[in-house]
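Just below is one structure, and these are the notes that go with it.
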There are 2 protein chains.
Amino acid sequence: MGIDMQPELCKVDDALGILVGKWKPIILLILLQEGTKRFSDLKRSVPGITQKMLTKQLRELEEEDIITRKVYAQVPPKVEYSISEYGKSLEPILVAMHEWGTAHTLHKTKKLQQ
Amino acid sequence: MGIDMQPELCKVDDALGILVGKWKPIILLILLQEGTKRFSDLKRSVPGITQKMLTKQLRELEEEDIITRKVYAQVPPKVEYSISEYGKSLEPILVAMHEWGTAHTLHKTKKLQQ
DNA sequence: TGGTATAGTATACTAAATGATACTAATGGA
DNA sequence: TCCATTAGTATCATTTAGTATACTATACCA
């Protein structure tokens with residue numbers, strides 16, 4: 001490995017901590033690919049997620065400056081979420097994971113065929 | 001994003017599923033950087049991990065073909081673990097995460113100073 | 001004879017993540 | 001007047017992840 005990744009100060013965990021969870025990757029992918037979304041749009045885009053979970057994941061991502069939350073003072077409420085500039089820096093990781101995941105599916109398929 | 005990462009079939013979760021856990025990243029980093037290791041060496045290299053957890057993580061990584069387990073028929077037992085060829089394909093992800101994690105630490109430091 | 005070493009397993013437990021369901025406020029429209 | 005809409009919160013139950021501790025077999029060595 002070209003880079004020295006001192007395991008004892010495992011920086012990998014920082015990235016992992018932000019990406020991990022049953023819902024965060026898909027939320028980030030949707031916001032990256034489709035841009036700004038309302039809460040209810042996200043809920044529709046992530047089938048099976050509960051309001052509580054969506055709220056929690058969004059709050060955590062906002063806390064880390066990965067996404068931006070914009071509230072409109074109107075009734076019924078309107079809240080928009082989008083990836084922050086800083087959040088875009090996660091894209092290479094998500095892309096690398098997606099590519100690996102795709103190859104991994106093939107790998108597992110081959111194993112089954114043996 | 002250049003690549004189409006259809007969120008509905010979230011491949012990112014595959015990579016995440018393998019990397020996630022309190023101990024897997026550090027185990028992988030150690031094996032990547034230091035090569036083959038015995039069980040007891042790994043236990044010493046990962047302070048705080050219990051035998052049960054180390055065993056469990058290693059079994060899961062082996063199950064996914066990420067690492068290789070070699071048992072020597074001798075007493076006291078000797079078992080060696082190393083990264084498989086396939087496991088090495090995770091390296092770009094770990095590197096990307098490590099780089100991001102390092103930058104993220106700086107980002108958080110700056111935020112605190114504001 | 002009894003202690004040390006290795007790579008585990010077994011059992012019981014706590015803590016964290018996730019899920020299900022019900023509830024809220026204020027407005028516009030039928 | 002009543003219902004739908006939106007972006008949540010509150011409460012409780014369940015599932016999963018992780019921890020603590022004790023136990024095992026066998027050979028070697030003092």
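Note on naming: letters A, B, ... go to the chains in the order of the sequence lines (proteins, then strands), and numbering restarts at 1 for each one.
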With respect to A:Y72, which candidate in A:E80, A:R38, A:K78 satisfies the side chain to side chain donor-acceptor pair (under 3.5 Å) definition?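 For A:Y72, the side chain to side chain donor-acceptor pair (under 3.5 Å) check succeeds only for A:E80.
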
Report the distance from atom [atom1] of [X] to atom [atom2] of [N], rounded to the nearest whole Å.
| X | N | atom1 | atom2 | answer |
| --- | --- | --- | --- | --- |
| A:L58 | D:dT9 | CG | C1' | 15 Å |
| A:Q57 | D:dT9 | CD | P | 13 Å |
| A:Q74 | C:dA25 | CD | P | 19 Å |
| B:M53 | D:dT21 | CE | P | 15 Å |
| A:K37 | D:dT6 | NZ | P | 14 Å |
| B:K56 | C:dT9 | NZ | P | 13 Å |
| B:L54 | D:dA17 | CG | P | 17 Å |
| B:K24 | D:dG18 | NZ | P | 8 Å |

Checking contacts here: which listed nucleotide ([options]) is nearest the side-chain heavy atoms of [X]?
| X | options | value |
| --- | --- | --- |
| A:K52 | D:dG18, D:dA7, C:dG19 | C:dG19 |
| A:P76 | D:dT6, C:dT18, C:dT6 | D:dT6 |
| A:P77 | C:dA7, D:dT6, C:dG19 | D:dT6 |
| A:K22 | C:dT9, D:dA7, C:dT18 | C:dT18 |
| A:W23 | C:dG19, C:dA26, D:dT6 | C:dG19 |
| A:R69 | C:dA7, D:dG18, D:dA7 | D:dA7 |
| B:S40 | D:dA7, C:dT6, C:dA20 | C:dT6 |

Reckon A:Y81 touches a base, only the sugar-phosphate, or nothing at all at heavy-atom distances under 4.0 Å?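 Sugar-phosphate, backbone atoms only, no base.
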
When we call it a touch if two heavy atoms are under 4.0 Å apart, what does A:K78 touch: a base, just sugar-phosphate, or nothing?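 Sugar-phosphate, backbone atoms only, no base.
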
Ignoring backbone atoms, test whether B:R38 places a side-chain nitrogen or oxygen under 4.0 Å from the OP1 or OP2 oxygen of C:dT6.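 Negative; the distance criterion is not met.
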
Would you please confirm or rule out a distance under 4.0 Å between OP1 or OP2 of C:dT9 and any side-chain N or O of B:R59?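 Yes, because at least one side-chain N or O of B:R59 sits under 4.0 Å from OP1 or OP2 of C:dT9.
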
Same apolar cluster: A:V75 and A:V71, side chain cutoff 4.5 Å: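 No; tracing contacts between hydrophobic side chains, which count when under 4.5 Å, never links both residues.
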
Working for side-chain contact (heavy atoms from CB on, under 4.5 Å), residues B:I27 and B:L31: CA-CA 6 Å; B:I27 292 170; B:L31 291 178; 4.2 Å; yes

For the residue pair B:Y81 and B:F39, does the interplanar ring angle fall in the parallel (under 30°), tilted (30 to 60°) or perpendicular (over 60°) class?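 Ring orientation of B:Y81 relative to B:F39: tilted.
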
Derivation and outcome, side chain to side chain donor-acceptor pair (under 3.5 Å), residues B:Y86 and B:E64: CA-CA 9 Å; B:Y86 181 56; B:E64 297 285 356; over 6 Å; no

